[in-house]
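Presented below is the structure to which this report refers.
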Amino acid sequence: MISIVLYGRNDSYGYNLHKRAALSLNCMAEVLTDENDEILFVDYNTPDDFPTFPEAICDTLTDRAKRLLRIIRIRPSLHNQLFASRTHLKALEPISRNAAVRRSNPANRWILSTNTDMIFVPRGSQSLSEQLAALKDGFYCAPRFEIPETLWESFDRLDPAGVIAETREAGEKFYLNEVVYGMDSILYDAPGDFQLIKRDDLFSIHGFDERMLLGWHVDANISKRLVMRHGKIEDALPFVLGYHCDHTRQTTPAHAHKSVENSADDFYHNLQQQEIPDQSETWGLAGIDLEEIRLTDTVNMAYRQALGKAIDQPLKGLIEARYRPESYDLELGTPEHVLPFLVDLFANAPRNTNLVWLGPKDRIYDLFTSCWRHLGFLTDVSHWQDDGEAIGQADTFIINFGLPKKVEGDAAAALMEQFYTVVTNERDHLEGNKEPRRIIGVNAIHNSFESLMQRFVGCSRTPFSARLRHGYLLRSAFVDSQDWTTEMFPGSAGKKDGNIIRSTGASGHIFYGPYANLMPGNYRVDISLSRSWNHSPTSKLHLEIMQGERTIEVVKIKLFGPRKIISLPLQIAARDLSLPIEVRLHSVGKSNVALERVTVKRVRLADA
């Protein structure tokens, strides 16, 4: 009988969104009684990492609402490809509504275009479906009555029958039932909250106008076009009351002062034609395969089932770990413990994701690939073996630094060369204005691989327990010169004065740092030092450059003038990518010097 069409995304658009949406969805489901009735929610442009909005509030929906809901997911990649350059909006109404109409049950005669903040109170029957059973052909609109925020906040979202009864009573008791008329071609003010349209009519006029990508007037446009078709708007007031959960306490972008909007002249006042020939073959994302999700089989359930199948033995006792300086580079993670956090990153990912795995096929690899298969991904995890084409086609990367045991020796050197291939490929990928791809490091906390990930990837501050660092490539890692001054640390013989580190006159390290990772290549490190008048000429200064635990340069420094710049060559090989660079100055005897600046610059081999 009825396909209710809604749209939204998993964000916080407007005050108390989750409460009013749950109220609305549950109450809509309560008044649908025909076997073909359905609620189509188009989840538009929710980030890939997040569940759709109905999935996020699933625990606040009734069983009836879950059964009736069909969720059609439009991913950010599709929005970015087709529409992002033409709009400032994150969710597009005409695209969403058309996608739902295209995929609605053809057995249903009616499409109800409305929003997720409406409560419908049928008149004369508790079933909206029954009210529409004998309804004559036409286009129907109902007035919108406002419910103040404090009132609808008091409703129990899990008791839709009670909410509908309370709303019916409040409408009369608190004088909410004010009918606000609009122009003849829309009949009532705010017509978009109840527009009952024959499904065949929408197909005949090519759906909602998909040029209207700036917000507002989409409802007025479809209303005027349908008036052209039927000659008038039929009144839905005799058989239904529509109540709107007001949410203007918090200003949203669409309700902001002087917000951008579609041209009322182009799409309403000067409108001449009901059909839209230019979109006749494409409206509703025709021919594009969109994901459909049912709340009777959620991602959360699939996630738990996949973990249960991969982990064959439950934990007995407790896992213990040490996050202390003395345990650096020594901690061994438990693969079964890390697995839920790693799989979580992919629970809501598109099932056609191409994943490339770099690093050993160890216990965490076996567990993860088992979950990957059980979650229904369409392609297998690709274990990279120097296949440049696989890297180019990847959607995301997992760099496994080894779990339960981190990679070392030749295996670590080989993995560093693979890491270098990934980040340089991603740099070229981004220069082609393509979507950034996530880089995930497994066993990349509290060890030498953590600094590598943080230097090249904009990592989230994930907890130690997860053993994961993940994010997107930092383009700053590829600049030809870097200033390390602010990243240097005072040693036992130094003190920091702003960005300058001064010696204290004691023996020991004056400064050290920055423990930076550099891309493979040839560099020159410039250290700018100054001395005071009372600097002792007998003091001994040793400047060192370290790569990991290896000393690669030592220079004895003599300062005779007020300032001196020491330039040292530095060569980084791909296999040594994870070894952080440290510059340090050691003093023996009374010195009075200051570090003013440390810079590193990539140089051509001929200039090095």
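Throughout, numbering of the chain's residues begins at 1 and tracks the sequence.
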Can any side-chain N or O of Arg9 pair as donor or acceptor with the backbone N or O of Asn45 at less than 3.5 Å?
yes

Is there a side chain to side chain donor-acceptor pair (under 3.5 Å) between His244 and Glu146 once you walk through the steps?
CA-CA 5 Å; His244 176 247; Glu146 299 291 343; 2.8 Å; yes

With a cut-off of 6.0 Å (strictly less than), are more than 12 heavy atoms of other residues, nucleotides or ligands near CZ of Phe50?
no

Do other residues, nucleotides or ligands put more than 12 heavy atoms under 6.0 Å from the CG atom of Asp289?
no

Residues Glu291, Arg75: salt bridge by 4.0 Å N-O rule
yes

Examine distances only and state if a side-chain atom of Arg469 and a backbone atom of Thr462 form a donor-acceptor pair shorter than 3.5 Å.
yes

Determine, for Arg229 against Asp201, whether the closest basic-nitrogen to carboxylate-oxygen distance falls under 4.0 angstrom.
yes

Are any of the side-chain nitrogens in Arg438 or Asp395 under 4.0 Å away from the carboxylate oxygens of its partner?
no

With the side chain counted from C-beta on, respond yes when Leu40 and Tyr7 share a heavy-atom pair under 4.5 Å apart, and no when they do not.
no

Beyond-backbone contact of Tyr268 with Ile186, side-chain heavy atoms, under 4.5 angstrom
yes

For a quick test of reading the model, state the closest non-hydrogen atom pair linking Gly284 to Arg103 and the distance between them.
O-NH1, 2.7 Å

Using modelled atom types and a 3.5 Å cut-off, is there a donor and acceptor pairing between side-chain atoms of Ser223 and backbone atoms of Asp219?
no

In this structure, is the centre-to-centre distance between the rings of Phe397 and Trp357 below 6.0 Å?
no

Kindly compute the distance separating OH (Tyr140) from CG (Leu187), expressed to the nearest 0.5 Å.
12.5 Å

Between Tyr188 and Phe194, does the ring centroid distance fall short of 6.0 Å?
no

Begin from the C-alpha positions of Asp34 and Leu132 and carry the test side-chain contact (heavy atoms from CB on, under 4.5 Å) through to its verdict.
CA-CA 10 Å; Asp34 187 85; Leu132 303 189; over 6 Å; no

Residue pair Asp117, His247: steps toward the side chain to side chain donor-acceptor pair (under 3.5 Å) verdict:
CA-CA 9 Å; Asp117 43 24; His247 53 90; 3.1 Å; yes

Is a side-chain donor or acceptor of Asn262 paired with a backbone partner of Leu214 at a separation under 3.5 angstrom?
yes

Residues Asp193, Arg144: salt bridge by 4.0 Å N-O rule
yes

To the nearest 0.5 angstrom, please state how far the CG atom of Asn115 sits from the CD atom of Glu93.
6.5 Å

Do Asp48 side-chain atoms and Ala349 backbone N/O form a donor-acceptor pair below 3.5 Å?
no

Just checking, Arg351 and Phe377: is the charged tip under 6.0 Å from the six-membered ring centre and within 45° of the axis?
yes

List the steps, then state whether side chain to side chain donor-acceptor pair (under 3.5 Å) holds for Arg97 with Ser113.
CA-CA 8 Å; Arg97 295 199 187 281; Ser113 179; 3.2 Å; yes

dist Met118:CE -> Leu6:CG (nearest 0.5 Å) comes out at 11.0 Å

Quick one: OG1 on Thr33 to CG on Leu128, what's the gap to the nearest 0.5 Å?
8.5 Å

Would you please test Asn36 and Met1 for side-chain contact (heavy atoms from CB on, under 4.5 Å) and show each step?
CA-CA 6 Å; Asn36 291 315; Met1 180 68 69; 5.9 Å; no

For Trp283, is the NZ or CZ atom of Arg102 found under 6.0 angstrom from the centre of its six-membered ring and inside 45 degrees of the ring axis?
yes

Does atom CZ of Arg294 have more than 12 heavy-atom neighbours, drawn from other residues, nucleotides or ligands, at distances under 6.0 Å?
yes

Salt-bridge contact Asp137-Arg109 (side-chain N to carboxylate O under 4.0 Å)
yes

Within the 4.5 Å heavy-atom criterion, are Lys66 and Cys58 side-chain neighbours or not?
yes

Here the pair of heavy atoms bringing Ala286 nearest to Glu281 is CB-O, 3.6 Å

Chi angles and distances behind the salt bridge (charged side-chain N to carboxylate O under 4.0 Å, His left out) call for Arg64, Glu30:
CA-CA 7 Å; Arg64 184 177 187 81; Glu30 188 70 15; 5.0 Å; no

Ser382 side chain to Trp384 main-chain N or O, any donor-acceptor pair under 3.5 Å?
no

Greater than 12 external heavy atoms within 6.0 Å of Glu431's CD:
yes

Is there a salt bridge (charged side-chain N to carboxylate O under 4.0 Å, His left out) between Lys19 and Glu153? Walk through the geometry before answering.
CA-CA 7 Å; Lys19 172 72 180 271; Glu153 277 190 306; over 6 Å; no

Please answer whether the main-chain N or O of Thr114 pairs with a side-chain N or O of Gln195 as donor and acceptor at a distance below 3.5 Å.
no

For residues Phe41 and Val5, determine if any side-chain heavy atom of one lies less than 4.5 Å from a side-chain heavy atom of the other.
no

Between Lys90 and Tyr44, is NZ or CZ placed under 6.0 angstrom from the six-membered ring centre and within 45° of the ring axis?
no

Do Ile57 and Leu25 make a side-chain contact, defined as non-hydrogen atoms from C-beta onward lying under 4.5 Å apart?
yes

All heavy atoms of Asn26 vs all of Pro160, minimum pair found to be O-CB, 3.5 Å

Once you round to the nearest 0.5 Å, how far does CD1 of Ile2 lie from CG of Asn105?
12.0 Å

With rounding to the nearest 0.5 angstrom, report the CG to CZ distance, Asp428 to Phe478.
8.0 Å

Between Asn108 (side chain) and Trp110 (backbone), is there a donor-acceptor pair under 3.5 Å?
no

List the steps, then state whether side-chain contact (heavy atoms from CB on, under 4.5 Å) holds for His470 with Cys459.
CA-CA 5 Å; His470 58 87; Cys459 295; over 6 Å; no

Quick check: do Arg225 and Asn221 have side-chain heavy atoms less than 4.5 Å from each other?
yes

Thr353 versus Trp372, closest heavy-atom pair with distance
O-CZ2, 3.7 Å

Would you say Asp43 and Thr46 are linked by a side-chain donor-acceptor pair, where the criterion is simply a distance under 3.5 Å?
yes

Donor-acceptor pair, distance only, cut-off 3.5 Å: does the side chain of Thr87 make one with the backbone of Ala84?
no

State, yes or no, whether a side-chain contact exists between Lys198 and Ile111 at a heavy-atom distance under 4.5 Å.
no

Would you find a donor on one side and an acceptor on the other, under 3.5 Å apart, between the side chain of Ser24 and the backbone of Ala21?
no

Charged N-O contact under 4.0 Å between Lys232 and Glu234
yes

Between Leu78 and Phe83, is the side-chain contact (heavy atoms from CB on, under 4.5 Å) condition met? List the steps.
CA-CA 8 Å; Leu78 194 60; Phe83 307 110; 5.6 Å; no

For Asn80 and Glu435, run side chain to side chain donor-acceptor pair (under 3.5 Å): C-alpha distance rounded to whole Å, both residues' side-chain angles, the deciding distance at 0.1 Å, then the answer.
CA-CA 9 Å; Asn80 293 338; Glu435 290 292 312; 3.1 Å; yes

Can you confirm whether Ile233 sits close enough to Val227 that some side-chain heavy atom of one is under 4.5 Å from a side-chain heavy atom of the other?
yes

